[in-house]
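Below is one structure, written out as structure tokens; the observations come after it.
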Protein chains: 2
Amino acid sequence: MNRPPTIKDVAERAGVHAATASRALNPATRGMVNARTANRVAEAARALGYAPNSAARSLRTRTSSVAGVLVPDLRNPVFPPIVRGIEDGLRDAGYMALVGNTDGDPERERELVTAMRGRQIDGFILATSSRSAAFAADVAVPTVLVNRRTDNGGIPSVTADNAAGIHLLVRHLAELGHTRLGHVAGPRELSTGWERYRAYLDATASAGLEPVVEFADAFTETAGHAATLRLLSAHPELTAVLAGNDLIALGCYSALADLGRTVPGDVSVTGFNDMPFVDRQRPSLTTVRIPHYDLGREAARLLLERIAAPDSPAKRVVLPVELVSRDSTAPVKS
Amino acid sequence: MNRPPTIKDVAERAGVHAATASRALNPATRGMVNARTANRVAEAARALGYAPNSAARSLRTRTSSVAGVLVPDLRNPVFPPIVRGIEDGLRDAGYMALVGNTDGDPERERELVTAMRGRQIDGFILATSSRSAAFAADVAVPTVLVNRRTDNGGIPSVTADNAAGIHLLVRHLAELGHTRLGHVAGPRELSTGWERYRAYLDATASAGLEPVVEFADAFTETAGHAATLRLLSAHPELTAVLAGNDLIALGCYSALADLGRTVPGDVSVTGFNDMPFVDRQRPSLTTVRIPHYDLGREAARLLLERIAAPDSPAKRVVLPVELVSRDSTAPVKS
DNA sequence: TTGTATGCGTTATCAC
DNA sequence: GTGATAACGCATACAA
């Protein structure tokens, strides 16, 4: 229970000065020191179970090898694989992740950003709303957006190809004979909601179909339920509904059940994300698979790149998606 | 993009010495300083957007207000709500969470523990296997176990009442007329697996039933599938299967389907955890609900307590559980 | 009540 | 190639 060994202890044991021990232990400066003494130092460090005090190092070097990761809520099944990917990606470079939940509340978000900055983090990975992102960019800490992006593209981002996904879904439904497709869109304020909405307008336009849209207040089942009821009371003729994401799609399921319409008998439903267990819903959900884990890993890579070269141009990585056809879509009733 | 303000800047602006500013800003020492100067300092700090440099503070005080949180894999749906609860619980006290995934690999776990210790964390919350816990306890950093515990009770822990849950399930099945109950247990090495297994033996014994057990290699659907096949090939007479957790129960579903047995028509199945979306499986799963979020919050509370008083006796908190009866259990066929 | 002095452990800069 | 020294920003024991 006595104090952990310091570099001074290591140096003493190896019969060198602390500065030399520091150089010997740091891979980047190892070259400056005689190979034999370097070995002696390494040996001493191992014998003592020496681990550098990161607070001291951090104070001196102004880096911490810690990244701040902000998500709205870890309980949203989209985020765990992303965060896991981030963690794995960071770890390879000796970085760790400080994780915070914002509940989408800008106030809370700002608090967290401030608190994390105070903790000398080297960068941010944000999976939160776009307004906050702008704020974080403000703070001059390397920042990467994951699964979200800002309109102007000033901040590096990693997203799934939302537009391609929507086009795949529209084509899929068109091939099943549907011509009256509604869209229960996610919130306009979130880039995912917005991009999918825009893509829906595009895709229906180029297919010569009439767009019919209702916005959900949030990417939740409850909001999806409410929006679907609004959509179908105004447009009972719809035979297919594209939901803004899987949770909204589950809301569609229950809303349609309330209305006495069957899925996919009366109405086909599609989701977005292919989150865990939607393959086991009743009916199993036709959706677009986005590579959550890879999104996270790529975001980590981008952040590390950014930390290494803060003034490099902001990359925007878009990862491919894939249509997953299941039981919630069927040919239109004649 | 210039350097963030230091306490010296604040002091200068307030026309006092840095030491006074430090005292004024620290709630614990605020009493030592004149209220008016304290206000002046606070004002200056606000104006400058001052945030204390945690590396410096940490170096000086040997505390970091950061806790290490280790889980096997965040993608396992049990953990996100726990981690969220931890985060919320820590935040109230100004703490943040450094999150790491171990994949249940003791090697990786040790690496993470070492790395986090090097980062001056103030404590650990472990949701990982028990052997590692013993190791972590070794390192003389305050540690709390969540959803796991060690046999000897030397480490504070927060768990759900596994025994009570199993008894509820056995009684439920007995009331439905089942007398041939099998158990697909989780790994013996994990306290959850072990405790539920022991409770199953207890509960069947006191009901005068014959225990029939098969161990799954892991708390996964795949392992549950395999173990269920073994169990039923040895004991085709079973009319009910208690799975070690929900994922294993999903493995039971698919294994029973492979064997041409229906759920709950031929065999009733129960899970444990009530993880998200098992209410929407086909059939919806009868299971035991454990308070994941509260488990995390309570663990955070316990850790903070422990940090404040490291030599206090190790509490073991057991949270109540609740039977959730759904469609995967039905009266036994006559 | 406030100011002065010192040290936490590390690394960068200088001198040898 | 190595040693001496200073500085990172903060908090505290001591002096005033």
Side-chain angles (χ1 to χ4, degrees), chain A residues 2-42 44-45 48-66 94 115 117-122, chain B residues 2-42 44-45 48-66 94 115 117-122:
Chain A
N2 33 15
R3 293 271 204 69
T6 74
I7 201 166
K8 234 175 155 177
D9 299 325
V10 174
E12 202 164 319
R13 188 174 226 267
V16 298
H17 192 270
T20 307
S22 171
R23 286 186 278 253
L25 259 18
N26 188 330
T29 51
R30 172 136 348 126
M32 298 177 167
V33 35
N34 183 304
R36 282 204 47 221
T37 47
N39 281 337
R40 234 176 38 247
V41 172
L48 262 38
Y50 169 74
N53 180 320
S54 72
R57 169 180 293 173
S58 187
L59 179 59
R60 184 67 234 238
T61 62
R62 300 174 171 293
T63 66
S64 60
S65 292
V66 172
R117 287 197 68 197
R119 285 194 165 73
Q120 319 306 124
I121 57 145
D122 292 345
Chain B
N2 33 16
R3 294 271 203 70
T6 73
I7 201 165
K8 232 176 156 177
D9 300 324
V10 175
E12 202 163 321
R13 187 176 228 267
V16 298
H17 192 271
T20 308
S22 171
R23 286 186 278 252
L25 259 19
N26 187 330
T29 51
R30 172 140 343 130
M32 297 176 169
V33 36
N34 184 303
R36 283 205 47 220
T37 50
N39 281 336
R40 242 184 20 256
V41 172
L48 262 39
Y50 168 75
N53 180 318
S54 73
R57 169 180 291 174
S58 185
L59 180 58
R60 182 66 231 248
T61 61
R62 303 177 168 291
T63 66
S64 59
S65 294
V66 171
R117 287 199 67 198
R119 283 192 166 76
Q120 320 307 123
I121 57 145
D122 292 345

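Just so we're on the same page: letters track the sequence lines, and every chain starts at 1.
- Among the nucleotides C:dT2, D:dT2, C:dT10, the one closest to the side chain of A:Pro52 is C:dT10.
- No donor-acceptor distance shorter than 3.5 angstrom exists from the side chain of A:Ser58 to the backbone of B:Ala55, with no hydrogens or angles considered.
- B:Leu59 comes within contact range of at least one nucleobase, with a heavy-atom separation under 4.0 Å.
- Taking side-chain N and O atoms only, B:His17 has no distance below 4.0 Å to OP1 or OP2 of C:dT2.
- Of the side-chain N and O atoms in B:Arg60, none sit less than 4.0 angstrom from OP1 or OP2 of C:dG9.
- Atoms CG (B:Leu25) and P (C:dT2) sit 14 Å apart, rounded to a whole Å.
- Between the side chain of B:Arg30 and the main chain of B:Ala24, a donor-acceptor pair closer than 3.5 Å is present.
- Between the CD atom of B:Gln120 and the P atom of D:dG9 there is a distance of 18 Å, rounded to whole Å.
- The distance from atom CG of B:Asn26 to atom C1' of D:dC10 is 11 Å, rounded to the nearest whole Å.
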Verdict with supporting geometry, B:Val66 and B:Arg119, side chain to side chain contact (heavy atoms under 4.5 Å, CB included): CA-CA 9 Å; B:Val66 171; B:Arg119 283 192 166 76; over 6 Å; no
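- Residue-to-nucleotide proximity on DNA chain C shows that, of B:Thr61 and B:Ala35, the 5′-proximal contact is made by B:Ala35.
- In this structure, A:Val10 and A:Arg13 have side chains that are not in contact, with every pair of non-hydrogen atoms separated by 4.5 Å or more.
- Distance from the side chain of A:Ala19 is smallest for D:dA4 among the nucleotides D:dG9, D:dA4, C:dT10.
- Which of D:dT2, D:dA11, C:dT10 sits closest to the side chain of B:Arg57 comes down to D:dA11.
- Residue contacts shown for A:Ser22 include a base, since a base heavy atom lies under 4.0 Å away.
- One can place NZ of A:Lys8 at 13 Å from C1' of D:dG3, the figure rounded to the nearest angstrom.
- Of the side-chain N and O atoms in B:Arg36, none sit less than 4.0 angstrom from OP1 or OP2 of C:dT1.
- The distance from atom CG of B:Leu48 to atom P of D:dG9 is 14 Å, rounded to the nearest whole Å.
- At the phosphate of C:dT2, OP1 or OP2 sits under 4.0 Å from a side-chain N or O atom of B:Thr37.
- Note: CG (A:Asn39) to C1' (D:dT2) measures 17 Å, nearest angstrom.
- Within the nucleic acid shown, B:Arg23 comes within 4.0 Å of at least one base atom, counting heavy atoms only.
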Decide side chain to side chain contact (heavy atoms under 4.5 Å, CB included) for A:Ile7 and A:Tyr50; before the verdict, give the C-alpha distance in whole Å, the side-chain angles of both, and the deciding distance to 0.1 Å. CA-CA 7 Å; A:Ile7 201 166; A:Tyr50 169 74; 3.6 Å; yes
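- When the P atom of C:dT4 is taken as reference, atom CD1 of B:Ile7 falls 15 Å away, rounded to whole Å.
- Straight-line distance from the CG atom of A:Asn34 to the C1' atom of D:dT2: 10 Å, rounded to whole Å.
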